[in-house]
Amino acid sequence: MHWWFPGDGNAYSTLGGKIDDLFYLILVIVSVTFVGTSAALGYALWRGASIKSDEKVWFSHGSHSLEVIWTIVPSAVLLFIALYQLDVWAEYRMKGFAKEKDGSPKVITVVAEVTARQFEWRIRYPANGKPLKPTPQPDDIYSVNELHVPTGGLVSITLRTDDVQHAFFVPMLRVKQDAVPGKMIPVWFDATMPGKYEMLCAELCGWGHYKMKAMLVAQSADDFEAWKDKASAEQFDDGYRKPAE
Amino acid sequence: MNLGCGNGPQAVFKYRPTTDDLIPEANKAVTKTLTDDFGTPEALVAWERFPINYGGVKGTVASTEGPSGSITVALEGDSSKISKNASLLWVSGSQAGGKSAETNVKGFNVETKTLQLASGSSTPSVGDRFVVGFGEDMQLGRVVYMKNCMHCHGVTGDGNGPTGKFLNPRPRDYRNGKFKFTSTQSQEKATRDDLHRIIQYGIPGTYMPSFLLLGERETTAVVEYVRWLAIRGEFEKRFVEELTNDYSQTAIKDSTDKAEKSYLEKKKNKEEAEKPLNLSKAIKAAGTAFKKYVDDKELDGAVEETANLLASAWTQAETPEVLIIPTSQRVEDTLESRERGRLLYMSNTTKCYTCHGPTGRGDGAATEDFWDKPGTSVKYPNRGLHDEWGNPLKPRNLTSGQYRGGRRPLDLFRRIRAGIKGTPMPAFGDTVLKEPQVWDIVNYVMSLPYQPKQPTAVKHPAEVVANNEEKPAN
Ligand SMILES: [Cu+2]
C-alpha cells in the first residue's frame with residue numbers, strides 16, 4: 001500500500017507514521033473533492049448539452065445559499081485539517097522545547113551539529129559522555145556525509161549552514177528542515193529501526209546540489225557509543241604501532 | 001531533439017603551453033608520442049610500463065584438450081569478474097602482440113575452468129599467459145572521473161574544468177605529478193591510500209567535496225585514473241622540458257635576438273662578424289637538427305628515460321620505506337609540552353611564525369612580502385605566498401581548527417615532517433626537529449583553536465626586542 005513512498009514505503013520514525021496518516025487523510029479529502037467536482041462539472045456539461053430548446057434553464061449565478069455552502073464546507077474542511085494536524089506539528093516543531101506532562105524536562109539526546117555546505121554535510125559529535133557545545137571542543141568527533149544516531153528515543157541535531165540555504169531531508173524518517181544561514185536550528189526525530197537511511201539536501205543550493213547525498217546510520221545506543229569510541233580512536237591516531245616483539 | 005543539454009564539446013586531452021611552443025617538428029613528435037602511449041579520452045591507451053592497475057583478470061593456459069576453441073585455464077584473480085564478450089589479450093606465447101593479440105570470450109565455466117573463445121581464433125599452447133577484460137577498471141575510472149571530477153579538475157587533470165576557474169583554492173592540477181597531502185617523505189609521490197582518503201573525505205575548507213558514497217570499486221578505479229592522469233601530465237611536462245631549450249620557438253627567438261644584438265654591436269665597433277640566421281631560418285635549422293635528434297634515437301631515449309623515472313617514482317611511493325611513520329608515541333598533551341611546542345613554533349629553527357603568524361592566524365610577515373616565482377628572479381605581482389602552480393596561497397589559520405590534510409595527530413606530524421608538497425610550507429625532515437619536538441609542536445598546534453581569544457597574548461619576537469630597546473635607560 002505504501003509502495004509509492006520513499007525506500008520500502010514504511011516510515012522508520014514514530015512521528016513518520018502519523019505524518020503518513022495525515023498524508024492519506026488529505027489524499028482522501030482531495031480525491032473525494034476532485035471526483036465530486038469533476039462529476040458535478042461533467043453533469044453540468046451533459047445536462048446543458050442535452051437540454052431541450054423549450055425547457056427553462058435554472059440560472060444559479062448569485063445564489064446566496066450556494067455561495068454560503070461552498071464557502072462554509074471547504075472552510076470547515078480546512079479548519080478540520082488545521083486542527084487535526086496540530087498535534088503532529090507541535091510534536092515535530094514545538095514539544096521538544098516543552099516539559100513532559102509531569103514537569104520533568106524532555107529527554108532528547110543532542111547527538112551532533114550538522115553543518116551543510118556546498119556540497120557536503122560536515123558533522124561534529126561531542127565525545128562519549130559529554131554534551132554538545134555550541135563551539136568546537138578538543139575532543140569532538142568529526143565525520144563527513146555520514147550521520148550516526150542512536151535508536152530508541154528522541155535525538156536532536158543542531159542544523160547549520162556554512163554558506164547558502166540547504167535543507168536536511170531524511171525521506172525514510174519523514175524528517176525535513178531547512179538550514180538557514182546564521183541560524184542554529186534544533187531538529188529532533190527518532191529512528192525506530194537500526195539501519196542506513198538516505199540523507200539528502202532538499203533545497204536547490206547551487207550547481208552541485210545533487211551531490212549532497214549522504215547517509216544516516218541509526219544504531220542501537222551501545223553500537224552508537226562503540227562507533228564513537230572507534231571514530232575517536234581513529235581521529236586521535238598518532239600512527240605509532242608497537243613493533244612486534 | 002536537443003534541448004539545452006546537448007552532447008557538449010568532445011572531450012580532448014589538452015597540451016601544455018610549452019608543448020604548443022615547440023617548433024612544428026618537435027611538437028608533432030611530442031603529441032604523437034602522447035597519443036600513441038596514452039591515447040585520447042575516448043580511446044585510452046594503457047601503457048603497461050607504469051604501475052597502474054588497469055584492471056582485468058590474469059591467467060595461464062593449463063590445457064588445450066577438449067572441443068575446439070575451448071581451453072582450460074588457471075586464473076590469478078576473481079573469476080566472477082569475467083563477463084561474456086570480455087576481450088582477452090595474449091601476453092605471452094605465439095599470439096602475443098600483433099593484431100591477433102585480442103580475442104573475445106564467449107563464455108566461462110567456473111566449475112571446469114574452461115574458457116570458450118570466439119570462433120576463428122587460433123588455439124594457443126599450454127603455458128601462454130593472457131588477461132581477460134584488460135583495461136576495464138581504467139574505463140570505469142574514466143567514467144567516474146568524467147561524471148564527478150572533470151568539471152572541476154578538467155579532462156586532462158589540469159584543474160581547468162568549467163567550474164575550476166571560479167574556485168579558491170583552485171582544483172588540483174595533477175600534471176605536476178604532485179599532491180599536497182600525502183603520507184610519504186617530502187620527495188616522494190602520493191600513495192594510493194592518500195588519494196583514496198582525499199576522495200572519500202574531501203578537503204575541508206575547500207571545494208573538494210567528500211565522495212564517501214561513491215562505492216569502493218568506483219573509488220579505487222578513479223584513484224587509478226587520477227594517478228594515470230598525473231603520470232600522463234608529468235610525462236608531458238618532463239618530456240617537453242628535455243626539448244624546450246633547443247626546440248621551442250621562444251628559446252630560438254631568444255637566441256636569434258641575442259645573436260642579432262651582438263652582431264650589430266660588433267658591426268658598430270667595426271669588428272669582423274658573421275650575419276646570424278634570421279628567425280625563420282633558425283627555426284628551419286632547428287627542424288633539421290631535430291630530425292637528426294630523432295634519427296640518432298635520442299628522442300626515443302628521452303621517452304624511455306622519462307617513462308623509467310616516472311614508473312620507478314610511482315612504484316617507490318607504494319613501498320613501506322617511504323611512508324612517514326612515527327617511531328614514538330605522541331608526547332603526552334600537557335601544558336608543558338604545548339609550551340615547548342610554542343617556543344619551537346616561535347623559534348628561528350622552524351620559523352613557523354613568519355608564515356602562520358605569532359598567534360597562528362596565518363598572518364605572518366611572509367604574507368606581506370613579494371616572492372620570486374620558482375626558478376626565476378621574477379617576482380609575483382601580488383604580495384604573499386604562492387604554490388608551485390602559481391596560485392596565491394595563504395598559510396593556514398591554525399586557530400580555525402580546519403586541517404585540509406586530515407586532523408589526526410599523525411596527519412599533522414606528517415605535514416611537519418614532509419611539508420605540504422608543492423607549497424612553501426617546508427619539510428622539517430628528521431634532522432632539524434627530533435621526533436618528540438615534532439610532537440610538542442603538534443600538541444601546540446592542536447591546542448590553538450581552543451585558546452581563549454587574546455590578540456596580544458603572544459608577541460612577535462621582533463616586537464619584544466623593539467620594546468626592550470625603547471625602554472629608557474633608567
Ligand atoms: Cu544543499
Side-chain angles (χ1 to χ4, degrees), chain A residues 113-127 130 133-148 162-164 166 196-201 205-217 230-244, chain B residues 147-149 151-152 161-163 166-167 183 197-214 320 323-333 338 399-403 406-414 417 435 438-439 442-443 446-453:
Chain A
E113 177 188 79
V114 176
T115 307
R117 68 183 286 260
Q118 287 172 323
F119 297 100
E120 61 192 4
W121 303 90
R122 296 230 161 234
I123 300 152
R124 178 172 69 89
Y125 311 81
K130 294 215 178 155
K133 294 269 177 60
T135 52
Q137 300 298 308
D139 52 3
D140 281 345
I141 301 160
Y142 294 84
S143 73
V144 56
N145 283 357
E146 201 177 273
L147 172 62
H148 288 248
D162 256 0
D163 36 49
V164 299
H166 300 270
K196 290 181 178 172
Y197 306 105
E198 200 172 39
M199 179 175 131
L200 311 158
C201 177
C205 55
W207 60 266
H209 169 59
Y210 69 97
K211 281 178 195 275
M212 289 188 68
K213 187 174 150 182
M215 191 162 59
L216 184 137
V217 183
K230 190 174 135 264
S232 171
E234 262 166 37
Q235 187 178 308
F236 291 98
D237 182 14
D238 64 2
Y240 173 71
R241 301 286 179 272
K242 269 218 182 75
Chain B
K147 236 174 163 169
N148 297 289
C149 325
H151 66 89
C152 284
T163 326
F166 307 105
L167 304 182
S183 54
R197 210 179 145 77
I198 289 284
I199 294 167
Q200 270 196 313
Y201 298 111
I203 305 184
T206 78
Y207 269 100
M208 170 70 199
S210 150
F211 290 92
L212 194 64
L213 301 192
L214 199 55
L323 282 183
I324 298 180
I325 301 195
T327 55
S328 64
Q329 256 173 323
R330 175 180 176 190
V331 171
E332 205 192 332
D333 184 19
R338 291 182 192 175
T399 64
S400 74
Q402 236 169 18
Y403 307 102
R407 59 168 62 250
R408 295 175 301 176
L410 172 63
D411 293 319
L412 295 181
F413 184 94
R414 285 173 170 162
R417 265 291 159 82
E435 212 165 275
V438 178
W439 281 130
V442 169
N443 286 341
M446 285 182 75
S447 77
L448 278 171
Y450 311 107
Q451 304 267 321
K453 298 252 161 10

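Letters A, B, ... are given to chains in the order of the sequence lines, protein chains preceding strands, and every chain is numbered from 1.
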I need the minimum non-hydrogen distance between B:M446 and B:R407, along with the two atoms involved. CE-O, 4.0 Å

Applying a strict 4.5 Å limit to non-hydrogen atoms, the region of B:S183 in contact with chain A is neither

When the 4.5 angstrom heavy-atom criterion is applied to B:Y450 and chain A, the contacting part is side chain

Ignoring hydrogens and angles, state whether a donor on the side chain of B:T399 or B:Q451 is under 3.5 Å from an acceptor on the partner side chain. no

Select one option (side chain, backbone, both, neither) describing which atoms of A:W207 are under 4.5 Å from chain B's heavy atoms. side chain

Which pair of non-hydrogen atoms, one from A:Y240 and one from B:Q329, has the smallest distance, and what is that distance? CD2-CG, 3.4 Å

Do B:S210 and A:E120 have a side chain donor and acceptor closer than 3.5 Å? no

So which heavy atom on A:D237 is nearest to which on B:P409, and how close? O-CD, 3.3 Å

Do you know which of B:F211, B:Y201, B:F413 has the most heavy-atom pairs with chain A at a distance under 4.5 angstrom? B:Y201

From the options A:E146, A:H148, A:M199, select the one residue that forms a side-chain contact (heavy atoms from CB on, under 4.5 Å) with A:M215. A:E146

For the interface with chain A, which of B:P209, B:G406, B:S447, B:P204 has the highest count of heavy-atom pairs at distances below 4.5 Å? B:P204

Which answer fits B:T327, side chain, backbone, both or neither, if we ask what part of it has an atom under 4.5 Å from a heavy atom of chain A? backbone

Engaged part of A:E234 at the chain B interface, taking heavy atoms whose separation is under 4.5 Å: backbone

